[in-house]
Amino acid sequence: MQIVDSHCHINFEELSQRLPNVLENARLNDISHMLCVSVNIEDFPQVKKIADDHEHIFASVGVHPCYEDVIEPSVDELVAIAQNHNIVAIGETGLDYFRTENQDMTWQRDRFIRHIAAANQIKKPLIIHTRSAADDTMRILKEEGADRCRGVMHCFSEDWDVAKKALDLGFYISLSGIVTFKNAKTVQDVARKCPADRLLVETDSPYLAPVPLRGKMNEPANVRHTAQFIADLRGIPLQELADFTTDNFFDLFPAKRH
């Protein structure tokens, strides 16, 4: 069996300090590949080194919408960095209006638009973060032609209507440990309805550990719990879900399947 953790942050200190152990735990739980996702340019060298050192780990480049007072890469700079074969996506990028009431979020939208332009130019997919900003996120993706590069709605926590809009743009839906939470009925509905050829699984580690590990530090090995939960929701064997989510990862991202 092979399961892909399509979104993790194993360069973060909580996991990087014990990376050999983290990778071994993943192997023991049939996690065959991982995508280590960039959140800023300052720490990107750590992300790239992990991907360069491990052929089953890939990387992205981008600046998370919540990061302020950081390097703001231009479209050309993002494209130049993403030329590397281990860099399989642009992001994570998007919009996050949580705790930003009455603030001018133009800077987030401008950053988001630059990332979309870079993805379209280099023809690599986007990794989208959206929180409390679904309407603007979907509007900008459509207006800026993100259907040309496609991408994934990472750590999806919206309803089926938002999921359908993303699917209509050619995007994939990635589910994290949130889907296992007792009160996550909306996300569980999406998990049941999402077409099999557009579904991915992720940890977003070191955050959002799935049940039965909720509240603990998360790591890629735990994506197996999320995959099993979704398989049970859909009434299919874990092997079947592992097969099609792994195929989906390699259909979306320009990654070599070692």
Side-chain angles (χ1 to χ4, degrees), residues 4-7 35 37-39 58 60-66 73 75 78-79 82 87-98 105-106 108-176 178-179 184 186-202 204 230 234 241 244-255:
V4 178
D5 184 355
S6 69
H7 192 114
L35 175 48
V37 175
S38 167
V39 295
F58 311 106
S60 72
V61 60
V63 185
H64 191 290
C66 288
V75 173
L78 285 168
V79 169
I87 312 305
V88 300
I90 301 292
E92 63 186 280
T93 183
L95 300 174
D96 194 317
Y97 295 169
F98 191 61
M105 304 307 291
T106 302
Q108 268 197 16
R109 292 188 283 272
D110 289 346
R111 178 188 288 172
F112 186 23
I113 289 168
R114 286 195 300 274
H115 281 66
I116 297 170
N120 275 330
Q121 186 170 322
I122 198 169
K123 296 181 172 56
K124 290 188 177 182
L126 288 157
I127 299 171
I128 303 300
H129 169 107
T130 184
R131 183 166 62 158
S132 304
D135 288 346
D136 277 2
T137 299
M138 300 315 302
R139 174 181 59 79
I140 291 172
L141 284 172
K142 187 171 184 178
E143 288 177 355
E144 299 300 319
D147 57 316
R148 299 199 302 273
C149 60
R150 303 187 305 163
V152 57
M153 307 299 292
H154 124 79
C155 195
F156 193 81
S157 59
E158 304 293 337
D159 61 19
W160 178 240
D161 286 341
V162 176
K164 284 193 294 184
K165 290 177 182 177
L167 293 167
D168 287 345
L169 288 174
F171 275 64
Y172 290 61
I173 303 296
S174 182
L175 299 176
S176 70
I178 289 174
V179 74
T186 300
V187 182
Q188 290 166 9
D189 180 57
V190 172
R192 292 186 186 93
K193 292 179 177 177
C194 185
D197 63 352
R198 295 289 194 85
L199 189 61
L200 299 172
V201 288
E202 66 171 87
D204 200 18
I230 297 169
R234 294 172 72 99
L241 185 122
F244 69 66
T245 54
T246 297
D247 287 344
N248 293 344
F249 180 87
F250 288 101
D251 285 342
L252 176 61
F253 295 105

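Here the structure is a predicted model, which means the values were calculated and not measured.
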Exercise for the section: Check whether any side-chain heavy atom of S157 sits under 4.5 Å from a side-chain heavy atom of S176, and report yes or no. Expected result: no
Fill in the blank from the handout: For F156 and V187 the tightest heavy-atom approach is O-CG1, 3.7 Å
Handout entry: Side chain to side chain, R150 and L169, heavy atoms closer than 4.5 Å
Key = no
Exercise for the section: With the side chain counted from C-beta on, respond yes when K165 and T137 share a heavy-atom pair under 4.5 Å apart, and no when they do not. Expected result: no
Exercise for the section: Give the minimum heavy-atom separation between Y97 and A133, together with the two atoms involved. Expected result: CD1-CB, 3.6 Å
Practice task
Look at the side chain of R198 and the backbone N and O of L167, then say whether any donor-acceptor pair between them is shorter than 3.5 Å.
Solution key: yes
Exercise for the section: Just say parallel, tilted or perpendicular for the rings of H154 and H7, cut-offs at 30° and 60°. Expected result: parallel
Exercise for the section: Please name the pair of heavy atoms, one in F253 and one in P125, separated by the smallest distance, quoted to 0.1 Å. Expected result: CD2-CG, 3.5 Å
Handout entry: Close side-chain approach of I178 and C155, heavy atoms under 4.5 Å
Key = yes
Practice task
Give a yes or no on whether the backbone of A82 and the side-chain of K124 come within a donor-acceptor separation of less than 3.5 Å.
Solution key: yes
Practice task
Over all heavy atoms of both residues, which pair between F250 and A255 is shortest? Give the atoms and the distance, please.
Solution key: CD2-O, 3.6 Å
Completion exercise
With sequence neighbours left out, the residues meeting salt bridge (charged side-chain N to carboxylate O under 4.0 Å, His left out) with D251 are none
Practice task
Evaluate the side-chain proximity of L35 to D5: yes if any heavy-atom separation is below 4.5 Å, no if none is.
Solution key: no
Practice task
State, yes or no, whether a side-chain contact exists between S132 and D96 at a heavy-atom distance under 4.5 Å.
Solution key: no
Exercise for the section: Nearest 0.5 Å please: distance from the CD atom of E144 over to the NE2 atom of H115. Expected result: 13.5 Å
Problem - Heavy atoms of other groups near D197 CG, more than 12 under 6.0 Å - result: yes
Practice task
Would you give the length of the straight line joining atom OG1 of T130 to atom CG of D136, rounded to the nearest 0.5 angstrom?
Solution key: 8.5 Å
Problem - Donor-acceptor contact below 3.5 Å, side chain N248 vs main chain A196 - result: yes
Practice task
Can you spot which of T93, V37, V61 makes a side chain to side chain contact (heavy atoms under 4.5 Å, CB included) with I127?
Solution key: V37
Practice task
Please answer whether the main-chain N or O of G62 pairs with a side-chain N or O of S38 as donor and acceptor at a distance below 3.5 Å.
Solution key: yes
Practice task
With the side chain counted from C-beta on, respond yes when L175 and I230 share a heavy-atom pair under 4.5 Å apart, and no when they do not.
Solution key: yes
Handout entry: Minimum heavy-atom distance S174-E202, with the two atoms named
Key = OG-OE1, 2.7 Å
Exercise for the section: State whether the side chain of N120 and the backbone N or O of G145 hold a donor-acceptor pair below 3.5 Å, judged by distance alone. Expected result: yes
Exercise for the section: Work out which heavy atom in M153 is nearest to a heavy atom in L141; give both atom names and the distance. Expected result: SD-CD1, 4.3 Å
Problem - Pairwise side-chain contact, V152 with L126, heavy-atom cut-off 4.5 Å (strictly under) - result: no
